[in-house]
J.: 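Okay, handing you the structure first.
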Amino acid sequence: YCGCEVRFNCTCEIRSGACVLGPPDDAYLHLPGPRAPSPTYLAVSSPDASARLNFASDDELTLEIWARPEESLLASNGGKGGSLLARLNNGVAGQWVLRVDGQLRAVFQRFAQISFNGGRTVPQAAALVSAEALPAGSWTHVAATFAADGSRRLYLNGSLAANDTQRAWSATDRTLWTTLGASLDKGAASDMFAGEVDDARVWRVARTADDIERHRAHRLSGYLPKLAAYWRCDHGEGRSVPDMSGGGAHLAAVGRVQWR
């Protein structure tokens, strides 16, 4: 505790002489990443519940998560980054993904389904990339928003990190799995994140910068308007993470997820 005004029950740390807020709870999930002997991530365990996280082309969206990436994700260490939150089966269909790249920059994509001759459909989307990288070994709150007017925004610790405008996409697929810590590539686990994650949220609204900043270090009550999924990652044991939004999108572990 550094003497700052720590809101609710969040953690904080000293970084470069300043207090930096951390996630709302002491418990969190550790993901070993691509170097693990078997794929390790979490996925919504019920197909019906995952289908309720389907987004139409003009639906607004906000993704939020606390992340502490490992240095192994850096390209300089042979890494390629990793996915934080995703509804993506690369080569088949996709809706959205929030990830870090090989420089630990935050990346947000909202996908279109593009059809080719022969009926083949693949997801495509321009990437919105933060200029600033997440520091390896430290907690960062990452948020991405997509508004009805096509505007996209990325936030790091509540501050705007990148923004642009993208046309409305036609992607919609109720069969996609919703995943935390990886995305899928033709049904197989891919782009696995190495590090810690906590307090992930999916909203059916483009939250404002003020909303994100004021509530990023708060534990939410759960049943809130437009809150589509809420994984606190705070119970510290077991192989599942309940969805506290009331939507039933509970996460089940694949591989050896560890609690810290």
Side-chain angles (χ1 to χ4, degrees), residues 10-11 13 20-36 39-45 53 62-74 79-88 96-101 104-108 130 133-144 154-158 177-184 189-203 212 215-220 228-245 249-260:
C10 70
T11 58
E13 63 182 64
V20 179
L21 289 174
D25 304 286
D26 291 333
Y28 49 86
L29 284 166
H30 173 75
L31 300 169
R35 298 183 181 181
T40 301
Y41 61 101
L42 297 101
V44 174
S45 53
L53 294 176
T62 298
L63 305 173
E64 298 184 67
I65 190 169
W66 283 93
R68 182 159 62 182
E70 294 183 356
E71 290 185 352
S72 62
L73 294 174
L74 287 164
K80 299 179 181 179
S83 291
L84 296 168
L85 288 166
R87 275 180 66 81
L88 171 64
W96 42 258
V97 62
L98 179 62
R99 63 183 306 273
V100 295
D101 66 10
L104 299 188
R105 299 175 301 179
V107 180
F108 174 50
S130 66
L134 282 67
S138 294
W139 285 109
T140 301
H141 182 264
V142 186
L154 267 173
Y155 299 89
L156 298 182
N157 288 328
W177 286 97
T178 305
T179 53
L180 186 153
S183 57
L184 301 181
S190 177
D191 200 36
M192 286 174 284
F193 179 81
E196 282 79 42
V197 292
D198 199 3
D199 205 72
R201 310 167 185 182
V202 180
W203 302 81
I212 291 169
H215 298 115
R216 64 188 174 94
H218 287 195
R219 179 193 292 170
L220 303 179
Y230 179 31
W231 303 292
R232 287 181 182 168
C233 306
D234 65 350
H235 56 299
E237 61 182 4
R239 293 184 52 78
S240 63
V241 178
D243 173 15
M244 305 304 293
S245 74
H250 309 305
L251 291 170
V254 178
R256 301 190 63 179
V257 172
Q258 299 174 339
W259 291 96
R260 298 286 175 87

J.: Would you say the rings of Tyr28 and Trp139 are close, in the sense that their centroids are separated by under 6.0 Å?
T.: yes

J.: Is the shortest heavy-atom distance from the side chain of Tyr230 to the side chain of Glu64 under 4.5 Å?
T.: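 A side-chain contact is absent here, since even the closest heavy-atom pair is not under 4.5 Å.
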
J.: Are the side chain of His235 and the backbone of Ser240 linked by a donor-acceptor contact shorter than 3.5 Å?
T.: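 It does hold such a pair.
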
J.: Excluding sequence neighbours, so at least two apart, what forms salt bridge (charged side-chain N to carboxylate O under 4.0 Å, His left out) with Asp191?
T.: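 Applying salt bridge (charged side-chain N to carboxylate O under 4.0 Å, His left out) to Asp191 gives Arg99.
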
J.: Of all heavy-atom pairs between Gly158 and Ile212, which one has the smallest distance, and what is that distance?
T.: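 Nearest heavy atoms, Gly158 then Ile212: CA-CG2, 4.4 Å.
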
J.: Report yes if some heavy atom in the side chain of Trp231 is under 4.5 Å from a heavy atom in the side chain of Val44; otherwise report no.
T.: yes

J.: Taking the side chain as every heavy atom from C-beta outward, state whether Asp234 and Asp199 have any pair of such atoms under 4.5 Å apart.
T.: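 The answer is no, as the side chains (C-beta and beyond) never meet within the 4.5 Å cut-off.
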
J.: Counting only N and O atoms by type, is there a donor-acceptor contact under 3.5 Å from the side chain of His218 to the main-chain atoms of Leu220?
T.: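 Not at all, since once roles are kept as given, no pair shorter than 3.5 Å links the two residues.
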
J.: For a quick test of reading the model, state the closest non-hydrogen atom pair linking Ser183 to Ala86 and the distance between them.
T.: CB-CB, 3.9 Å

J.: Just to verify, what does Glu70 make a salt bridge (charged side-chain N to carboxylate O under 4.0 Å, His left out) with, not counting sequence neighbours?
T.: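 For Glu70 there are no salt bridge (charged side-chain N to carboxylate O under 4.0 Å, His left out) partners, ignoring immediate neighbours.
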
J.: Within a radius of less than 6.0 Å around CZ of Arg256, do more than 12 heavy atoms belonging to other residues, nucleotides or ligands occur?
T.: no

J.: With heavy-atom distances below 4.5 Å as the criterion, would you say the side chains of Leu29 and Leu42 are in contact?
T.: yes

J.: Nearest heavy-atom pair of Ser130 and Leu154: which atoms, and what distance?
T.: N-CD1, 3.7 Å

J.: Would you tell me whether Thr178 and Arg87 have side-chain atoms, one donor and one acceptor, within less than 3.5 Å of each other?
T.: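 Present: a donor and an acceptor within the cut-off.
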
J.: With a 4.5 Å heavy-atom cut-off, do Leu251 and Asp243 have their side chains touching?
T.: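 With C-beta onward as the side chain, the pair stays apart.
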
J.: Would you say the side-chain atoms of Trp66 pair up with the backbone N or O of Arg216, donor to acceptor, closer than 3.5 Å?
T.: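 Yes.
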
J.: Given Leu85, which of Leu180, Val142, Thr179 fulfils the side chain to side chain contact (heavy atoms under 4.5 Å, CB included) condition?
T.: Leu180

J.: With distance as the sole test, does Thr40 use its side chain to make a donor-acceptor pair with the main-chain N or O of Leu31 at under 3.5 Å?
T.: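 Between the backbone of Leu31 and the side chain of Thr40 there is no qualifying donor-acceptor contact (under 3.5 Å).
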
J.: Which pair of non-hydrogen atoms, one from Ser83 and one from Val97, has the smallest distance, and what is that distance?
T.: OG-CG2, 3.7 Å

J.: Is any side-chain heavy atom of Tyr41 less than 4.5 Å from a side-chain heavy atom of Leu184?
T.: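 Sidechains of Leu184 and Tyr41: in contact.
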
J.: Do Arg232 side-chain atoms and Val241 backbone N/O form a donor-acceptor pair below 3.5 Å?
T.: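 Such a contact is absent between Arg232 side chain and Val241 backbone.
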
J.: Has Trp96 got a side-chain atom pairing as donor or acceptor with Phe108's backbone, closer than 3.5 angstrom?
T.: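 No, Trp96 side chain to Phe108 backbone: no donor-acceptor pair under 3.5 Å.
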
